[in-house]
Undergrad: 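Structure incoming, see below.
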Amino acid sequence: GNRTMAMALIGDTVATVSGFVTGVLNFFTDFFLTPPLKATLMFLEEAELKTLKGEIKTFKAKTLWEKSGAVVMAVRRPGSSLFQQEAAELSSLKPQLDKLGVPLYAVVKEDVGTEVQNFRPYFKGEIFLDEKRRFYGPRERKMGLLAFMRLGVWLSGVRAFRKGFIGNVLGEGFVLGGVFVIGRGKQGILLEHREKEFGDKVNISDVLQAVRQIPQKKGYNFN
């Protein structure tokens, strides 16, 4: 009995100490991470996007959501298992999004090697290039080496790896991505999820809830 109690006490102490250490590390990474500025509809509307397939065309991002609204994923690293996992989860909403008439898109900040190609099987929507990184702004948030000290980052990597998503878990480039739900016309940004750390995924039920705010009646106009 005493031995069990002693073991339980040691277990509790270790949990408390590791919880405290994690808390301190998270405090420091929060302190060093530049806080996000909310994107405005106007800022995103003017983003110049490029097609990645066939003949390269450049267009204004607002054409993606003007008539129907849209769900847009800003992918930090398409070759990363964390983003492939998030893309697969978002793509699981595709049948519901199709019923509501709302398209699903992704933007990448660069087209390097076979990264986008390797990402495509996980994502059921069109992918565009956002070279000026509007979907990662208005102020890009970067995470330095302190990011790697965060327990959440490593746990996310382990979870993604366990689920069979192979790829570069940490990757380069500390710019953080996110997910947006944007309404029709001038309805505005209904959901803006910014990564707080690597692998900080959006809650897909929040995405669906935001999408349901987009009116689907014909003739309904926010312009």
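Position 1 is the first residue of the sequence, and the numbers go up from there.
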Undergrad: Less than 4.5 Å apart, any side-chain heavy atom of Lys201 and any of Gln85?
TA: yes
Undergrad: Distance from Glu86 atom CD to Ser80 atom OG, nearest 0.5 Å?
TA: 10.0 Å
Undergrad: Rounded to the nearest 0.5 Å, what separation is found between the CG atom of Leu64 and the CG atom of Leu104?
TA: 11.0 Å
Undergrad: Test Leu191 against Val202 for side-chain contact (heavy atoms from CB on, under 4.5 Å), laying out the working first.
TA: CA-CA 10 Å; Leu191 175 78; Val202 69; 4.2 Å; yes
Undergrad: Roughly how far apart are Ile182 CD1 and Ile214 CD1, rounded to 0.5 Å?
TA: 9.0 Å
Undergrad: Measure across Leu44 and Arg134 and return the closest heavy-atom pair with its distance rounded to 0.1 Å.
TA: CD2-O, 3.8 Å
Undergrad: Answer yes or no for Arg76 and Tyr136: cation-pi contact, defined as NZ/CZ to six-membered ring centre under 6.0 Å and angle to ring axis within 45°.
TA: no
Undergrad: State, yes or no, whether a side-chain contact exists between Leu129 and Leu49 at a heavy-atom distance under 4.5 Å.
TA: no
Undergrad: Say whether, by atom type as modelled, one donor and one acceptor occur between the side chain of Ser92 and the main chain of Glu89 under 3.5 angstrom.
TA: yes
Undergrad: Can you list the residues that meet the ring pair (Phe, Tyr, Trp, His ring centres under 6.0 Å) rule with Phe123, with sequence neighbours excluded?
TA: Phe119
Undergrad: Look up atom CH2 in Trp65 and atom CZ in Phe180, then write down how far apart they are to the nearest 0.5 Å.
TA: 9.0 Å
Undergrad: Just wondering, do Ile189 and Val181 contact through their side chains at under 4.5 Å, heavy atoms?
TA: no
Undergrad: Between atom CE of Met73 and atom NE2 of His193, what is the distance when rounded to the nearest 0.5 Å?
TA: 9.5 Å
Undergrad: Would you please name every residue forming a side-chain hydrogen bond (donor to acceptor under 3.5 Å, both in side chains) with Lys53, sequence neighbours left out?
TA: none
Undergrad: Side chain to side chain contact (heavy atoms under 4.5 Å, CB included) with Lys67: which residues, sequence neighbours excluded?
TA: none
Undergrad: Can you find a heavy atom in the side chain of Leu93 that is under 4.5 Å from one in the side chain of Val207?
TA: yes
Undergrad: Got a sec, which residues hit salt bridge (Lys or Arg N to Asp or Glu O under 4.0 Å) with Lys94, two or more places apart in sequence or on another chain?
TA: Asp98
Undergrad: Does the distance from a Lys or Arg side-chain N to an Asp or Glu carboxylate O, for Arg184 and Glu66, drop under 4.0 Å?
TA: no
Undergrad: Within a strict 4.5 Å, meaning less than it, do heavy atoms of the Leu190 and Gln213 side chains meet?
TA: yes
Undergrad: Which heavy-atom pair separates Gly185 from Glu45 by the least distance, and what is that distance?
TA: O-OE2, 4.3 Å
Undergrad: Strictly under 6.0 Å, is that where the ring centroids of Phe128 and Phe59 end up?
TA: yes
Undergrad: Please tell me if the side chains of Val102 and Ser68 come closer than 4.5 Å, counting only heavy atoms from C-beta onward.
TA: no
Undergrad: Is a salt bridge present between Lys60 and Glu48, judged by a nitrogen-to-oxygen distance below 4.0 Å?
TA: yes
Undergrad: side-chain contact (heavy atoms from CB on, under 4.5 Å) for Val107 and Ile127? Distances and angles first, verdict last.
TA: CA-CA 6 Å; Val107 295; Ile127 304 165; over 6 Å; no
Undergrad: Name all residues meeting the side chain to side chain contact (heavy atoms under 4.5 Å, CB included) criterion together with Ser205; count only those two or more places apart in sequence or in a different chain, and write none if there are none.
TA: Asn203
Undergrad: Measure the CG-NZ distance between Leu41 and Lys186 for me, rounded to the nearest 0.5 Å.
TA: 5.5 Å
Undergrad: Is it true that a side-chain atom of Ser91 and a backbone atom of Tyr122 form a donor plus acceptor pair closer than 3.5 Å?
TA: yes
Undergrad: Please list, chain by chain and in numerical order, all residues satisfying side chain to side chain contact (heavy atoms under 4.5 Å, CB included) with Gln209, sequence neighbours excluded.
TA: Asp206
Undergrad: Tell me, do Val71 and Leu97 make a side-chain contact under 4.5 Å, heavy atoms counted?
TA: yes
Undergrad: Who pairs with Gln117 by side chain to side chain contact (heavy atoms under 4.5 Å, CB included), at least two apart in sequence or on another chain?
TA: Thr114
Undergrad: What's the verdict on salt bridge (Lys or Arg N to Asp or Glu O under 4.0 Å) for Glu192 and Arg194, showing C-alpha distance, side-chain angles and the deciding distance?
TA: CA-CA 6 Å; Glu192 179 178 356; Arg194 302 290 190 140; 2.8 Å; yes
Undergrad: Excluding sequence neighbours, so at least two apart, what forms salt bridge (Lys or Arg N to Asp or Glu O under 4.0 Å) with Glu131?
TA: Lys50
